[in-house]
**Student:** 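Let me give you the structure first, and then I'll get to my questions.
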Amino acid sequence: MRIYSLICVLTLFSCSAKHYYQKALKKGLEPLISSDTIRIATIDSIPVVRNDTVVYERYFSSKDTIIRYENVFVPKTRLETRIEYKIHRDTIRQVTRIEVEKAKASKQPNYLLWVFLIVLVLAALQLFKKFI
């Protein structure tokens, strides 16, 4: 009997939605209860006959109402932020790899260096022939 009463008490006095809402507010939930109402006002005119003349009467009307609610910021969990940072890090690495490959592909061979080395070797051979 005590077990049944304990289960009944635990189910009656367990954490409610208010508790979790307050907990979310403490962790950074910003409740955003703002809305925009946009009304499109138009001026219409209709012809009316008065004393053998046509007179246009104007009246104002509101054609449409659009209500836009802003979203509520929901804090991310550790796992979500971790995955987001990993994706960002991997994209940065991929971009740098692509840039390095482009730089390697566009690199021109330095012919001036090779010409200078060949001339230097030939000059050294000429000096060596003079001494022998």
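Worth knowing before you read on, the calculation uses all heavy atoms, side chains too, and leaves out hydrogens, waters and symmetry mates.
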**Student:** Working to the nearest 0.5 angstrom, can you tell me the gap between T81 OG1 and H88 NE2?
**Tutor:**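 Reported value, rounded in 0.5 Å steps: 13.5 Å.
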**Student:** Among V121, L122, V115, which one satisfies side-chain contact (heavy atoms from CB on, under 4.5 Å) with I118?
**Tutor:**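 The option that passes is L122.
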**Student:** Which residues pass the side chain to side chain contact (heavy atoms under 4.5 Å, CB included) test with E99, not counting sequence neighbours?
**Tutor:**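 Once residues adjacent in sequence are excluded, the partners of E99 under the side chain to side chain contact (heavy atoms under 4.5 Å, CB included) criterion are V95.
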**Student:** Quick one: do R50 and E57 make a salt bridge, cutoff under 4.0 Å?
**Tutor:**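 Answer for the salt bridge query: yes.
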**Student:** State, yes or no, whether a side-chain contact exists between T53 and V55 at a heavy-atom distance under 4.5 Å.
**Tutor:**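 They are in contact (side-chain heavy atoms under 4.5 Å apart), so the answer is yes.
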**Student:** Looking at side-chain heavy atoms only, is the closest gap between Y59 and I46 below 4.5 Å?
**Tutor:**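 When only atoms from C-beta onward are counted, I46 and Y59 do touch, with a gap below 4.5 Å.
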**Student:** With a cut-off of 6.0 Å (strictly less than), are more than 12 heavy atoms of other residues, nucleotides or ligands near CZ of R89?
**Tutor:**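 For R89, atom CZ is crowded (more than 12 foreign heavy atoms under 6.0 Å).
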**Student:** Test of understanding: clusters of I, L, V, M, F, W, Y form through side-chain heavy atoms closer than 4.5 Å, transitively. Do L79 and I87 belong to the same one?
**Tutor:**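 As far as the 4.5 Å side-chain criterion goes, I87 and L79 are connected within one cluster.
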